[in-house]
Amino acid sequence: MLALAQWLSATPLSLALRELDWLVPLLQTVHILAIAMVVSSVFLIDVRLLDFTRSQSITETARRFMPWIWTGLAILAVSGAALITVEPMRALPNPAFQIKMALLFVAIAATWLFQISLRGDAVFWQSAGSRRSMATVLAVSAFLLWCAIVGAGRLIAYLQVS
Amino acid sequence: MEGIGPLLDWLEHTALAVSIAESDWAFAVIETVHVIALALLIGTICVVDLRLLGLASVKQAYRALSREVLPWTWAAFGFSLITGSLMFITQATEYFANTAFRIKLFLLALAGLNVLIFETVAARDAARWDGDVPVPWRGKLAAALSLTLWIAIVFFGRRIGFTMNPG
């Protein structure tokens, strides 16, 4: 990772982009706005899964917010890749970044599985009692997982490898 | 504004401020909660603003939607304010003098003013346009201003991190 980061840092593209001192703050702002998109969507689906509101069915709520999660993740991927290109040494060899990517992999897999669970059976999560408790556990775990991802992301700044 | 120096200095020397500043992990945790809180704050505001603009949640009436979502917005705002204050007191003098911080506070005040004006003027007859998609121009303007202000608030909030000297 360190060798890759060093190699990337030395490329003409990375060097040129590092000259633009407004680029990183701008990319980070986009990154934060996309985080808002994803975290809020996860939260509002979880609120429904936990029955804090009943104005719409779980499937309707998911159908409303899942597109925002996927769009947000796409924006995070692009802005994240751009941030890595500008400052490879800041992210790639950083243990906080590596943990973040591992957690993100789990989160994306869980999101995809949730989406599939609804496709097969629209009332999957509303049927049996055990499904309700499973929904509660998954809703809380999912949100905590995303919080951990945000935390790991913040930690990147604190664990700079010099 | 002359008398504020001693107050900021006092804040920095409170046991709370000192313990956060001296801890290895406290500031990072508070910052993380701040990011999560502002993510929920902005996200939920967006849900309401996009409804006003007729771009999302169009199946729900405005008042029903806002009644459902806004309590979470207020809770998120509370957490943002608390975590923001905890971070502020650790370097009160320097944050206060920071240009990006001042702009951010000014924009926050404008966002608050926007909400106030909307609630007292545009939303008064909300029962009439509750089901409209999009709503009358006053609501659309408030929503557009709201989104613009919050994007700018995030930008200047990030700028603070880049323009503060390490504590």
Side-chain angles (χ1 to χ4, degrees), chain A residues 21-48 50 52-57 60-61 63-69 71-72 76 79 83 87 96 100 143-160, chain B residues 23-51 55-61 63-69 71-73 75-76 79-80 83 87 100 147-148 150-163 166:
Chain A
D21 55 310
W22 50 262
L23 187 58
V24 169
L26 181 67
L27 287 170
Q28 288 186 344
T29 300
V30 171
H31 207 70
I32 292 171
L33 291 169
I35 290 172
M37 209 185 275
V38 173
V39 169
S40 295
S41 299
V42 170
F43 183 77
L44 290 170
I45 290 176
D46 284 350
V47 159
R48 182 58 194 90
L50 293 168
F52 288 157
T53 176
R54 291 260 187 103
S55 61
Q56 293 181 314
S57 71
E60 276 178 318
T61 306
R63 209 170 278 151
R64 229 171 114 198
F65 291 112
M66 289 300 283
W68 293 98
I69 294 179
T71 306
L76 287 169
S79 54
L83 283 165
E87 294 178 318
K100 180 179 168 181
F143 188 71
L144 289 176
L145 182 57
W146 285 108
C147 289
I149 292 170
V150 172
R154 251 297 71 205
L155 214 54
I156 293 172
Y158 289 84
L159 292 180
Q160 284 302 286
Chain B
S23 162
D24 280 338
W25 51 265
F27 196 89
V29 171
I30 294 168
E31 243 188 331
T32 299
V33 177
H34 193 72
V35 174
I36 294 165
L38 75 90
L40 291 172
L41 174 62
I42 293 174
T44 52
I45 285 175
C46 264
V47 173
V48 176
D49 285 346
L50 289 176
R51 172 60 184 86
L55 294 172
S57 304
V58 294
K59 285 193 219 146
Q60 279 188 289
R63 281 184 310 167
L65 176 68
S66 60
R67 217 175 292 139
E68 207 179 275
V69 172
W72 300 111
T73 310
F79 275 97
S80 301
T83 50
M87 289 191 287
L147 288 173
T148 310
W150 283 105
I151 291 172
I153 288 168
V154 170
F155 178 76
F156 284 101
R158 256 292 66 209
R159 283 284 297 166
I160 298 170
F162 280 92
T163 54

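Below, all heavy atoms of this structure are taken into account, side chains as well, without hydrogens, waters or symmetry copies. Lettering follows sequence order; numbering is per chain, from 1.
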Run the numbers on B:Arg158 and A:His31 for side-chain contact (heavy atoms from CB on, under 4.5 Å), then give the verdict. CA-CA 11 Å; B:Arg158 256 292 66 209; A:His31 207 70; over 6 Å; no
Polar side-chain atom of A:Ser40 near backbone of B:Leu41 as donor-acceptor pair, under 3.5 Å: no
Which atom of B:Ile151 lies closest to which atom of A:Thr29, heavy atoms considered: O-CG2, 4.3 Å
Atom pair CD (A:Gln56) and CG (B:Leu65), whose distance is rounded to the nearest 0.5 Å: 8.5 Å
Should B:Ile36 and A:Phe43 be marked as a side-chain contact (heavy atoms from CB on, under 4.5 Å) after you check the CA-CA gap, both sets of side-chain angles, and the distance that decides it? CA-CA 11 Å; B:Ile36 294 165; A:Phe43 183 77; over 6 Å; no
For the CG atom of B:Leu147 and the CG atom of A:Leu33, what is their distance to the nearest 0.5 Å? 10.0 Å
So which of B:Lys59, B:Arg159, B:Glu68 has the largest heavy-atom pair count under 4.5 angstrom toward chain A? B:Glu68
Report which part of A:Trp146 has an atom under 4.5 Å of a heavy atom belonging to chain B: side chain, backbone, both, or neither. neither
Above 12 or not: heavy atoms from other molecules or residues under 6.0 Å from CH2 of B:Trp150? yes
Among B:Leu38, B:Val35, B:Val154, B:Val69, which has the most heavy-atom pairs under 4.5 Å with chain A? B:Val154
At a heavy-atom separation under 4.5 Å, does B:Phe155 approach chain A through its side chain, its backbone, both, or neither? both
If one checks every heavy atom of A:Val47 against chain B at 4.5 Å, the contacting part turns out to be side chain
Segment of B:Val47 engaging chain A (4.5 angstrom heavy-atom cut-off): side chain
Residue pairs passing the side chain to side chain donor-acceptor pair (under 3.5 Å) test with at least one member in residues 35-47 of chain B, sequence neighbours excluded, are B:Thr44-B:Thr73
Residue B:Leu50 versus chain A: region with a heavy atom under 4.5 Å: side chain
Walk me through whether B:Trp25 and A:Tyr158 qualify under side-chain contact (heavy atoms from CB on, under 4.5 Å). CA-CA 10 Å; B:Trp25 51 265; A:Tyr158 289 84; over 6 Å; no
